[in-house]
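Here, residue 1 is the first one in the sequence, and each next residue gets the next number. FYI, side chains are in, hydrogens and waters are out, and symmetry mates aren't considered; it's all heavy atoms of this structure.
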Amino acid sequence: MKIVLTTDKIPFGKALSDTADFPLVAGIVFEEKDLETRSVAAEPIKCEGCGAILTDLSEVREDPRLGTVFQCSFCNAIHKVPKNLPQEILANADFVLPLEAQPRESFADTLIACIDISGSMEGGALEAVKSSLVSTLRDLQHASPETRFGLVTFSDDVRLYVEPGAIARTLGDEQVLLSVDKIKKDILSARLTLHPLSRIGEGMRSFVSALRTEGSTALGPAVVAASALLEKRPHGRIVLLTDGQANRGVGSLDHPTPVGKKLYEDLAGEFAKRGIICDIVAISGSGTVEVKALAVLPSSTGGDLFYVSVEELESTFQTLGTVDYYGRNAVLKVLTPSGIQVSDLSGVASGVGPQARVALGHLASGREVYYGFKSDKGIAAGQTVPVQFQLEWTDTQGNSHVTVKTVNLTGTEKSEEILAAYNPLPWTIMEVQKAGEDAFQFDFDHSKDRLQRVKSLLQKLTRAPREKSENCMQVLGEELAQIDEIVQRRHSSSYYDDSTYESYSMTRRRSSAPPPKRRKLV
């Protein structure tokens, strides 16, 4: 992972108010190959209090009573260090712990497609989904013929297919659809076997092409059913294709409630533990609030969330097909010293928690997460303090990793030291992601106000690197123009349907999908 900061200075005194509009933001960019980080085949030395990893030998000293100890820079706790203290302690290191040691296996060796065939998908939406899925299956059969495939369709009922055209299981009873346990029990009792595309690919493509719409939307039960199909698989991938509505069975979001949303939060946690990736391809329409509730599934598993128009489905499937995952069970933590706190977070569905800890699920190169920091009192001018980023994850071999990067921040009373070298790009992208969050709620006014404020402040940042400021202004201008276009289309329509809300790139940027290359930090 790479860390890109807006500034490595922390304001103190008058500089606190002078630079209040230009926050410290860290962009964390995940990459499989990171030349800056050295691999260490050992366990890290950790503080028993806060969990900070020792990355600076200056913290180590000899105590006449305790022997060799180190004092944690974050919580000041004192600990004895191992006798075999390494000669070199690295600020940027990847500690590799070969504990699981499993044979290499693709994270996506099994694919379950969940297709919404309810009445709201009638017309161009379902036709586009079918066409895109057929193309994907054809490509997969050629490139990865041993990929095992299962199909789940949902409307009034949920139907499972492991052979082309032959219904392996139908879930239609109301009492079954309202119970996670009954859905799983029903499917597991059938002992269904998933087959490789080399055997069923051609037949499945023909069958998908013939699907038709019907009834309401048992979305929640369908996702539970897909998870049950993967019960005996070590990994797997679920791709949910829907307009976002969910109005039948467990997890109903017809009138969103905490009970309905909890199903998807529980499934997200389960998928993350089991190594299941969940992608959502949501077709723009009346299900916007529901899509927002479903976002926890891709966010917690490392999957992608796309909110697209019918015309963009084909390119979206192509994007999904090119994602190369290199890690799973990833958890990101940030430790800050006294006087500096994490104040904001974007790029994931969850909020800021203890130690700014977030579960990321799977890792793919290009994923980005942004942290915002605040300092109410600052740190003394000239004082240097560390901020540590820790990433725990498991690679494709089953080896456990703890990747750590520590950056040092220095206090200053001179606002010009901050503003002259301020890199506005991480802050701008974070605000664009937050604006996308507003757009999910159709709060376009708030979204525009947020972006206009950033644009106005950038104009005052005259001493910052010109090229980066101009890049940010271009990004903001394009996003504002897109919002205006969407609002205009909605106002010119007599009713709300797929044709009035074209795909909104900000909402995708709010997901774990990486932003366009021209906006990446590195």
Could [X] and [Y] be called an ion pair, given the rule that one side-chain N must be under 4.0 Å from one carboxylate O?
X	Y	value
E392	K46	yes
K434	D344	yes
R274	E270	yes
K460	D21	no

Can you find a heavy atom in the side chain of [X] that is under 4.5 Å from one in the side chain of [Y]?
X	Y	value
Q388	F74	yes
T68	V60	yes
V404	N92	no
D116	L241	no
Q71	E59	no
H401	N399	yes
T428	V454	yes
I28	K2	no

Value rounded to 0.5 Å, distance of [atom1] in [X] from [atom2] in [Y]:
X	Y	atom1	atom2	answer
S315	F306	OG	CZ	8.5 Å
L5	L425	CG	CG	12.5 Å
D8	N408	CG	CG	9.0 Å
C72	E48	SG	CD	11.0 Å
L360	S299	CG	OG	7.5 Å
S252	K261	OG	NZ	12.5 Å

Test item: side-chain donor near acceptor, [X] and [Y], under 3.5 Å:
X	Y	result
S132	E314	no
Q341	T336	no
Q474	E478	yes
T55	T406	yes
S365	E32	no
T403	D94	yes

* To do: Check R453, R450, K455 against E431 for a side chain to side chain donor-acceptor pair (under 3.5 Å) and give me the one that passes.
  =>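 The option that passes is R450.
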Looking at every non-hydrogen atom in both residues, tell me the closest pair between [X] and [Y] and how far apart they are.
X	Y	result
I280	L294	CD1-O, 3.4 Å
V310	A125	CG2-CA, 3.9 Å
T301	A268	CG2-O, 4.1 Å
N329	A272	OD1-O, 2.8 Å
D18	K14	OD2-NZ, 2.9 Å
L297	C278	CB-SG, 3.9 Å

Is a side-chain donor or acceptor of [X] paired with a backbone partner of [Y] at a separation under 3.5 angstrom?
X	Y	result
T412	I10	no
S375	G339	yes
Y371	V342	no
R367	H362	yes
S447	A435	yes
T316	E312	yes
S456	Q452	no
T6	N423	no
E413	A15	no
D279	D304	yes

Q. Can L332 and F30 be said to form a side chain to side chain contact (heavy atoms under 4.5 Å, CB included), step by step?
A. CA-CA 11 Å; L332 178 64; F30 300 97; 4.1 Å; yes
message: Checking V432 against V475 for the side chain to side chain contact (heavy atoms under 4.5 Å, CB included) test, could you report, in this order, the C-alpha distance in whole Å, the side-chain angles of both residues, the deciding distance, and whether it holds?
response: CA-CA 9 Å; V432 167; V475 170; 4.1 Å; yes
Practice problem: For this output row, return yes or no: ring centroids of Y370 and W427 closer than 6.0 angstrom. | Solution: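 Ring centres of W427 and Y370 not closer than 6.0 Å.
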Step-by-step salt bridge (Lys or Arg N to Asp or Glu O under 4.0 Å) determination, K448 to D484: CA-CA 9 Å; K448 288 181 63 176; D484 287 335; 2.7 Å; yes
The single option from V224, L240, L253 passing side-chain contact (heavy atoms from CB on, under 4.5 Å) against L219
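So, applying the side-chain contact (heavy atoms from CB on, under 4.5 Å) to L219 and each of V224, L240, L253, only L240 qualifies.
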Would you call the rings of F373 and F389 parallel, tilted or perpendicular if under 30° counts as parallel and over 60° as perpendicular?
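Aromatic pair F373/F389 classed perpendicular.
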request  = Could you give me the CA-CA distance, side-chain angles and deciding distance for D56 and S73, then say whether side chain to side chain contact (heavy atoms under 4.5 Å, CB included) is met?
outcome  = CA-CA 9 Å; D56 186 353; S73 298; over 6 Å; no
Problem set entry | Stepwise side chain to side chain contact (heavy atoms under 4.5 Å, CB included) check, R237 with Y325 | CA-CA 11 Å; R237 191 172 186 177; Y325 292 98; 3.8 Å; yes
